[in-house]
K.L.:
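Here it is: the structure, laid out below.
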Number of protein chains: 2
Amino acid sequence: MDVRVSLKDVAAHAGVSIKTVSNVVNNYQHVTPAMRERVQRSIDILGYRPNLAARHLRKGRTGVIALALPELGNPYFAELAAAVIDAAVEHDYIVLLDHTGGRREQEILVSQGFRARVIDGLILSPIELEAEDLRDRENVPLVLLGERDYDLPYDHIAIDNVAAARDAVRHLISLGRRNVAFIGARNGRSEPAQLRVRGWREELRAAGLPADEGLVAATDGWGHADGAAAMARILDSGRQPDAVFAYDDPMAIGAMRVLHERGLRVPEDVAVVGFDDVIEGRFGAVTLTSISPDKEAIGRLAVESVLARLNGDTRPPLRVSADYRLVERESTLGREEAARRATAG
Amino acid sequence: MDVRVSLKDVAAHAGVSIKTVSNVVNNYQHVTPAMRERVQRSIDILGYRPNLAARHLRKGRTGVIALALPELGNPYFAELAAAVIDAAVEHDYIVLLDHTGGRREQEILVSQGFRARVIDGLILSPIELEAEDLRDRENVPLVLLGERDYDLPYDHIAIDNVAAARDAVRHLISLGRRNVAFIGARNGRSEPAQLRVRGWREELRAAGLPADEGLVAATDGWGHADGAAAMARILDSGRQPDAVFAYDDPMAIGAMRVLHERGLRVPEDVAVVGFDDVIEGRFGAVTLTSISPDKEAIGRLAVESVLARLNGDTRPPLRVSADYRLVERESTLGREEAARRATAG
DNA sequence: AAACGAATGTATAACGTTGTAAAAATCAGG
DNA sequence: CCTGATTTTTACAACGTTATACATTCGTTT
């Protein structure tokens with residue numbers, strides 16, 4: 001049944017030329033309804049399906065875009081991947097997924113198309129990649145995702161990290177917190193982390209509070225365990241933060257676990273804000289306040305940008321700031337409210 | 001620099017035939033070292049890179065395998081996807097990722113290759129798909145992943161769900177629990193859920209305990225919210241389970257959240273066991289006991305099976321039972337131990 | 001009714017690669 | 001230095017598709 005059937009077979013079966021069958025398949029406009037139906041019948045009977053490799057060879061298009069993310073285990077990226085896949089399907093494109101581990105070396109390979117070479121375009125969420133690494137690539141269209149702030153001629157979709165971080169810290173200050181720790185200033189290169197630290201610093205200064213750099217904990221990764229370790233380090237140093245702003249939700253949750261182990265209550269003793277609004281933050285013993293980026297919009301914009309470039313769009317590089325909002329949950333309840341909740345429970 | 005350079009260009013530059021260049025590129029054995037070096041020099045100078053579409057058209061291979069999972073948002077699948085991608089890279093294959101939402105219709109489309117047509121093989125983790133849906137596909141090699149127990153000629157990699165579920169329930173019984181609820185018997189078709197319910201039922205019977213079907217909660221999905229809703233429903237029905245076995249970790253965590261809201265303590269009042277051992281379970285206020293499948297092994301076996309079939313392996317369909325183990329954490333501490341911990345904290 | 005333009009169908013040549021078979025170059029032995 | 005065997009290189013034909021350019025048909029207009 002599925003022994004490869006080609007245009008030639010259909011053409012023979014329908015008694016027409018190969019090109020006519022091709023015309024029907026591609027909805028070419030000048031085909032009489034009668035002819036179209038006749039060919040279509042043969043197509044259906046033989047179960048013809050176009051060979052994408054041949055089409056690609058001829059047209060130079062594959063119908064595949066690659067999405068390269070640092071880590072799939074991180075739910076934010078998993079959810080983002082889902083959004084990109086859905087957006088791509090809308091446009092009859094399929095998505096090839098790759099993960100870089102956030103390592104510069106892997107990111108370079110991906111950006112130059114060495115890992116996936118059958119693609120029409122690339123959506124890349126870089127962590128360590130440097131601007132110079134993208135300097136002389138002359139390849140498929142590239143759209144950058146996330147926080148890095150390159151000054152390069154590629155479309156870039158992100159939320160305003162500094163502003164979002166300031167919103168988070170402002171919220172903590174508005175609760176009366178004064179010693180706000182930041183967890184997740186990444187060891188080594190990582191501009192995204194730096195932007196969020198900057199927002200933390202700026203907002204504290206703006207509020208006339210000291211930005212105690214001893215309350216900034218650097219980590220190697222950005223998972224639960226990294227957050228937990230960083231939190232432990234801060235507490236072990238003898239400092240007593242009354243609030244924590246974490247680089248992302250998993251780190252915030254890891255930090256809350258350590259606070260719990262040390263007998264510190266969230267939010268009464270320490271208020272916590274995360275970043276990314278992953279689903280998991282909504283179901284812990286203490287639900288997590290978080291910055292919530294509009295993932296669907298980011299995914300959709302990324303796909304649309306790649307496809308636009310692919311279709312010859314030569315407008316100057318786009319710099320889209322996607323929406324975000326601060327979602328307040330239990331981890332930043334006011335002290336009175338938290339007390340009320342505690343007695344009630 | 002990257003204006004497409006083909007074998008023809010290299011051949012012209014080196015002053016040899018196209019096929020000779022091809023021979024060099026493919027490490028064909030009968031090429032003199034001198035010739036090899038001469039051609040290689042031209043390749044380097046011109047920056048030649050093989051055109052995969054053409055190679056595919058000629059050889060009938062793409063170097064791409066598809067991985068179709070129900071949901072990326074579920075961390076288990078995200079972690080599994082990472083494992084598959086890594087295993088594929090080992091073999092110079094790349095992975096095209098798709099998600100089906102666990103819906104039969106989507107699963108059928110995927111299984112027949114309608115969504116991704118540039119693939120050499122397919123790894124599919126079905127939920128609702130029926131055996132009959134796979135009956136007359138004569139397509140690329142297919143490997144089934146996960147819990148469904150089809151009787152079809154395809155390789156199948158899974159853990160023994162009934163046994164794992166029995167282990168989980170036995171563990172709860174060994175703690176002295178008598179009213180063990182099961183959360184996540186899925187509404188509608190879903191064999192995996194049924195297998196785990198069966199394990200629950202069998203183990204209770206084996207222990208001489210009644211299997212109260214009123215303690216089984218069906219759900220539509222398998223996320224945090226579904227687990228929470230199911231738990232709430234059981235409690236609202238007036239029953240008082242002293243243990244919960246959930247279909248997966250997110251559901252277990254959702255359930256724990258509801259228990260927490262109702263003032264029930266885990267594990268003192270209700271012990272909880274999940275399934276999949278996702279990272280998130282290790283960082284809640286109460287860490288989660290869970291069945292931990294060997295994800296790396298599953299991913300590796302799946303890739304190896306697909307590639308073996310692709311290379312003409314015609315042995316009878318493989319039925320691999322991957323390893324799993326029960327990882328005990330706080331959510332099933334013994335009552336005495338839990339009490340000790342409580343006074344200590 | 002002839003002639004014209006528009007609409008529709010067809011033959012052929014690519015796209016870049018590799019398998020096959022045949023040609024050319026090399027080598028060993030007399 | 002020739003013969004025959006062996007190694008190395010080459011020419012050519014696919015793989016399945018679409019673009020180009022041409023051929024046919026049809027419906028109008030003169």
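Chain A is the first sequence line, chain B the second, and so forth, proteins listed ahead of strands; every chain is numbered from 1.
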K.L.:
What does the list of N/O pairs under 3.5 Å between the protein and nucleotides 21-23 of chain C look like, with a distance for each?
P.N.:
none

K.L.:
List the atom of L152(B), the atom of A131(B), and the distance in Å for their closest heavy-atom pair.
P.N.:
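Between these two residues, the closest heavy atoms are CD1-O, 3.4 Å.
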K.L.:
Determine whether V84(B) and V303(B) make a side-chain contact, defined as any pair of heavy atoms from C-beta on separated by less than 4.5 Å.
P.N.:
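When only atoms from C-beta onward are counted, V303(B) and V84(B) do touch, with a gap below 4.5 Å.
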K.L.:
Using whole Å, report how far OH of Y28(A) lies from P of dA7(C).
P.N.:
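From Y28(A) OH to dA7(C) P: 10 Å.
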K.L.:
Determine whether a donor-acceptor pair (N or O, by modelled atom type, separation under 3.5 Å) exists between the side chain of S305(B) and the backbone of L301(B).
P.N.:
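Yes, the answer is positive, given that a donor and an acceptor are paired below the 3.5 Å cut-off.
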K.L.:
Heavy atoms only, 4.0 Å cut-off, all strands: where does T32(A) land among base, sugar-phosphate and nothing?
P.N.:
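It contacts sugar-phosphate atoms only.
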K.L.:
Using atom CD of Q29(B) as one end and atom P of dT9(D) as the other, report the distance to the nearest whole Å.
P.N.:
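About 12 Å, once rounded to whole Å.
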K.L.:
Under 3.5 Å, which protein N or O atoms sit close to an N or O of nucleotides 14-17 of chain C? Give each pair with its distance.
P.N.:
residue	atom	partner	partner atom	Å
dA14(C)	N3	R58(A)	NH1	3.0
dT17(C)	OP1	Y48(B)	OH	2.4
dT17(C)	OP1	N51(B)	N	3.1
dT17(C)	OP2	L7(B)	N	2.6

K.L.:
For the pair E107(A) (side chain) and L129(A) (backbone), establish whether a donor and an acceptor sit closer than 3.5 Å, ignoring hydrogens and angles.
P.N.:
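Yes, E107(A) side chain to L129(A) backbone: donor-acceptor pair under 3.5 Å.
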K.L.:
Test your reading of the model: is there a side-chain donor-acceptor pair from E71(A) to the backbone of G101(A), 3.5 Å cut-off?
P.N.:
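Not confirmed, E71(A) side chain does not pair with G101(A) backbone.
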K.L.:
Does a side-chain N or O of H30(A) approach OP1 or OP2 of dT8(C) to a distance below 4.0 Å, or not?
P.N.:
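Answer is yes, contact under 4.0 Å.
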K.L.:
Tell me the closest heavy-atom pair linking L310(A) and R61(A), and the distance in Å.
P.N.:
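Shortest heavy-atom contact: O-NH2, 3.1 Å.
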K.L.:
Look at all strands and tell whether V25(A) reaches a base, only sugar-phosphate, or nothing, counting heavy atoms closer than 4.0 Å.
P.N.:
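Touches nothing.
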K.L.:
Could you state the CZ-C1' distance from R38(A) to dT8(C), rounded to the nearest angstrom?
P.N.:
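Going from R38(A) (CZ) to dT8(C) (C1'), I get 13 Å.
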K.L.:
Between R41(B) and E37(B), is there a salt bridge with N-O shorter than 4.0 Å?
P.N.:
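Counted as a salt bridge, because a side-chain N and a carboxylate O are separated by less than 4.0 Å.
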K.L.:
Is there a side chain to side chain donor-acceptor pair (under 3.5 Å) between N23(B) and H30(B)? Walk through the geometry before answering.
P.N.:
CA-CA 8 Å; N23(B) 286 341; H30(B) 298 305; over 6 Å; no
K.L.:
How many whole angstroms separate atom CE of M35(A) from atom P of dC26(D)?
P.N.:
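Nearest whole value for this atom pair: 11 Å.
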